[in-house]
Amino acid sequence: MAEQPRADLLSPDTHGARTHTCGALRHDDTGEDVTLKGWVDTRRDHGGLVFIDLRDRYGLTQVVFSPQDNQDAYEAAGRLRREDVISVRGTVRPRGDEAVNPNLDTGTIEVKADSLAVLNTAETPPFVVSAHEERQMDTGEALRLKHRYLDLRRPALQDNLTLRHRLYQTTRRYFDDHDFLEVETPVLMKSTPEGARDFLVPSRLHPGRFYALPQSPQTYKQLLMVGGLDRYVQIVKCFRDEDLRADRQPEFTQIDVEMTFATEEQVYDLTEGLMADLWADLEDTTLETPFPRMTYVEALRTYGTDKPDTRFGMELHDVSDCFAGSGFRVFESIVDGGGDIVALRVPGEGDRNRAQMDRLEDYVTDEIGAAGLIYFQLPSDGSEMTQNLSTDALPKEYGRAAAEQVGATAGDLVLTLAGDPPTVYEQAGDLRLYMGEETGARPDPRSGEDQFLWVTDFPLLEYDEDEGRYVSMHHPFTAPQADDLDALEETPGDVQARAYDLVLNGNEIGGGSIRIHTRETQQRVFDVLGIDADEAQERFGFLLDAFRYGAPPHGGIALGLDRLVMLLAGADSLRDVIAFPKNQSGQEPMVQSPDWVDPEQLETLALRLDLPPDVEPPAHVARRSRLAS
RNA sequence: GGGCCGGUAGUUCAGCGGUUAGAAUGCUGCCCUGUCACGGCAGAGGUCGCGGGUUCAAAUCCCGUCCGGCCCGCCA
């Protein structure tokens, strides 16, 4: 262990409490005797004069040490290093006109230091920490996560956490104003078979049995409705043991909402009100409500996804009819087999050269996974349309018809993919997003241009090829639409759900549904899912039992708080809006979790390791494990 | 489980078969009384992730492996 650097500098703090933060002082405070405490951000040593930028959460204040004011303090200040923690007592004085720093909120003043107390010294940090973002190098995230307490000193991260805090406050105030009760639900609950993998917690008192961490408090919040709580909200941690992404963490936070007697319209209205308050408080903008709505089918047909980014055009069109009788065998055989030819118009890209188009074709086959790309280019000079097919294979009139149907004019590019729905639409949707990014048509996440959208009328079930059965698209408690109920057993794939997603700029930020509240309907859905009565009773008996005693209709929504903050902050990763996030392999590099545990702990829990051959526990674990057994 | 990109000084990167591996920044020392990402001078700092191979010669090419990031699968 390194010794305390410059230990002789340390001095007791005789200054008492701080009088101001480092972001507080203004010209009006001139002449005030103040005490500031904080970190040394920057030191500018002029030999006969030392400037320190003192930093805390609130800002930077320039402190000046001069031998005329206090010889000892001046000498000590010359030995200060970045990230030392100091207390300064001094006098606020105005800066001359030419010395004002317009980049600092406190830039019109400085503090003339009369006394310095060095509260703690710092070793040289592994990377530069500074409120001056220009000093900041783009240090690798691995190192920043390992020393998260240093990274957290940067205003960029503090701003994100501040935003997150304000989102909590606005959310709680909003729901309180609407008569919601915040109720905590258990973190140690029971494993549910459907959905994501559970995190398990072994039970010491019941050897061999496990709690599970909630993927969401879904069943508990429904039981709160049965319990007559009427309106429930919780800002709650949820856990899913699946692979991570930039926008997916194994533990994440939801704004979980449930209402008795709720209709879809009430959920939309309530959620829109919250978003309006959030945007008013955090973005200082007025959202237009109600938000537009689109059915799942329309979203898939028009945007190739259930979370469309509607901020830019390039909508998808079914141009199958345009190619009827064209003689182009690839298209004709796909259409004859029930497939579609899907086109999108890319404005202003009709003059791309051959090499560019070849690269695009490669992207479509390699990255998107489509069989091929047929395209039509309309040069901006109005000259003849070109296509990447010989006119023998496909006479040009058919391409022209397709171009006309998608509204293409001179200078536009028309891209077509062919295949079976829904896959071809999803591929075309991927292509649309790619072209949107590539051409700059899709607004930047930081543009502030926000478009909310409700996606409605989801299918209740989708067929899972691997499992050979239907699975819930949302979750097994989602109510089918009343008109479709009769079809549940005959054509389960056609049943629509009373489910909805909230989409913001192409990101799913929430989803919910009106729930099943009768035992009979719930059992019918379980049946279709292949869960028979015995199994249902074993897994979800508590819910089915509750439904026997007068369960009211209810429904709600869950909003992804981390993603909301990420989008509001303009961050690229969830990790930038979570204080102590996990890396892509699910580890937390600072405390180094997950970690091995002592064999004694395992024994207490009646557990024994059965590791794959390529996993070698550290020596102390392996050794003690042998002793214990 | 798979694909792509990356790993060189404390940090961010350049170097991509041929002298002693560079730059910026940080760090250390000296100088400097109005700077504000202060400036000047000097200096220290490297197992080029790791292992193997090809070669007269490897940071550079090949194979393997580990680590990180992004994505696919997965995420009711």
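Values below: all heavy atoms of this structure, side chains included; hydrogens, waters and symmetry mates excluded. All chains are named by letter (A, B, ...) in the order of the sequence lines, taking the proteins before the strands, and each is independently numbered beginning at 1.
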A:E438 and A:R359 ion-paired at < 4.0 Å:
no
Which base sits across from B:rU55 as a Watson-Crick or G-U pair, both distances under 3.5 Å?
none
Would you measure the distance from the C1' atom in B:rU12 across to the matching atom in B:rC30 and give it in whole Å?
28 Å
NZ/NE/NH1/NH2 to OD/OE distance under 4.0 Å, A:E123 and A:R81:
no
With the side chain counted from C-beta on, respond yes when A:D84 and A:R6 share a heavy-atom pair under 4.5 Å apart, and no when they do not.
yes
Are the charged groups of A:D8 and A:R79 less than 4.0 angstrom apart, N to O?
yes
Hey, are A:R148 and A:D151 close enough for a salt bridge, meaning a charged N less than 4.0 Å from a carboxylate O?
yes
Between atom CG in A:D241 and atom C1' in B:rC74, what is the gap in whole Å?
11 Å
Select base, sugar-phosphate, or nothing to describe what A:R575 touches, counting heavy atoms under 4.0 Å on all strands.
sugar-phosphate
For a quick check of understanding: with a heavy-atom distance under 4.0 Å over all strands, which category does A:S585 fall into, base, sugar-phosphate or nothing?
sugar-phosphate
Shorter than 3.5 Å, N or O on both sides, protein versus nucleotides 12-15 of chain B: list them out with atom names.
residue: B:rU12; atom: OP1; partner: A:G140; partner atom: N; Å: 2.5

Give me the distance, rounded to whole Å, that separates B:rC56 from B:rA14 when you measure between the C1' atoms they each carry.
28 Å
Expressed in angstrom and rounded to an integer, what is the separation of A:L574 atom CG from B:rC71 atom P?
11 Å
Can you find an N or O donor on one side and an acceptor on the other, under 3.5 Å apart, linking the side chain of A:R248 with the base of B:rC75?
yes
Quick one, A:V364 with A:Q427, criterion side-chain contact (heavy atoms from CB on, under 4.5 Å). Give me CA distance, side-chain angles, the key distance, then yes/no.
CA-CA 8 Å; A:V364 166; A:Q427 291 169 342; over 6 Å; no
Is the shortest side-chain N/O distance from A:Q215 to OP1 or OP2 of B:rC75 below 4.0 Å?
no
Assess whether a salt bridge exists between A:R44 and A:E110, defined as any Lys/Arg side-chain N lying under 4.0 Å from an Asp/Glu carboxylate O.
no
Using a cut-off of strictly less than 4.0 Å between a heavy atom of the residue and any atom of RNA chain B, enumerate the qualifying residues of residues 454-465 of chain A by number.
none
Rounded to whole Å, how long is the line connecting atom CG of A:D614 with atom P of B:rG64?
18 Å
Tell me which of A:Q584 and A:Q218 sits closer to the 5' end of RNA chain B, going by the nucleotide each one is nearest to.
A:Q584
Identified pairing partner of B:rU60, criterion: Watson-Crick or G-U wobble below 3.5 Å:
none
Check the distance between B:rC75's P and A:E508's CD and give it to me in whole angstrom.
13 Å
Using atom CG of A:D576 as one end and atom P of B:rG69 as the other, report the distance to the nearest whole Å.
12 Å
Is A:R240 salt-bridged to A:E251, going by a charged N under 4.0 Å from an acidic O?
no
Rounding to the closest angstrom, what is the interatomic distance between B:rU47 and B:rA59 at atom P?
13 Å
Does a donor on one side chain and an acceptor on the other come within less than 3.5 Å for A:H554 and A:Q222?
yes
Checking base pairs now: Watson-Crick or wobble, both atom distances under 3.5 Å. What partners B:rG73?
none
Between B:rU20 and B:rA24, how far apart are the P atoms? Round to whole Å, please.
23 Å
Under the 3.5 angstrom rule, does the side chain of A:D464 hit a backbone N or O of A:G468 as a donor-acceptor pair?
no
Rounding to the closest angstrom, what is the interatomic distance between B:rG10 and B:rG46 at atom P?
7 Å
Interatomic distance at C1', B:rU11 relative to B:rG45, whole Å:
13 Å
So does A:R245 get a side-chain nitrogen or oxygen closer than 4.0 Å to the phosphate oxygens (OP1/OP2) of B:rC72?
yes
Answer for the Watson-Crick or wobble partner of B:rG22, both distances under 3.5 Å, is B:rC13
Is there a donor-acceptor contact under 3.5 Å from the side chain of A:Q496 to the main chain of A:F458?
no
Taking the six-membered ring where the residue is Trp, are the ring centres of A:F540 and A:F477 under 6.0 Å apart?
yes
Strictly by Watson-Crick or wobble contacts shorter than 3.5 Å, is anything paired with B:rG6, and which nucleotide is it?
B:rC67
Are A:D457 and A:R498 ion-paired here, with the side-chain N under 4.0 Å from a carboxylate O?
no
Integer-rounded Å distance: B:rC75 P and A:Q254 CD
16 Å
Whichever of A:P476 and A:F127 has its nearest RNA chain B nucleotide further upstream toward 5':
A:F127
Spacing between A:D198 atom CG and B:rC74 atom P, to the nearest angstrom:
18 Å
Does the pair A:E489/A:R524 count as a salt bridge with the N-to-O cut at 4.0 Å?
yes
I need the CD-C1' distance between A:E467 and B:rC74, as an integer number of Å.
12 Å
Out of B:rG69, B:rC70, B:rC74, minimum distance to the side chain of A:N583 belongs to B:rG69
Does A:D366 make a side-chain donor-acceptor contact with the base of B:rG3, cut-off 3.5 Å?
no
What interatomic distance, in whole Å, is found between C1' of B:rC38 and the corresponding atom of B:rA57?
47 Å
C1'-based separation of B:rU60 from B:rC72 [nearest Å]
32 Å
Encode nucleotides 26-38 of chain B as B, S and - characters from 5' to 3', where the letter depends on protein heavy atoms closer than 4.0 Å: B to the base, S only to sugar-phosphate, - to neither.
SSSS--BBBBBBB
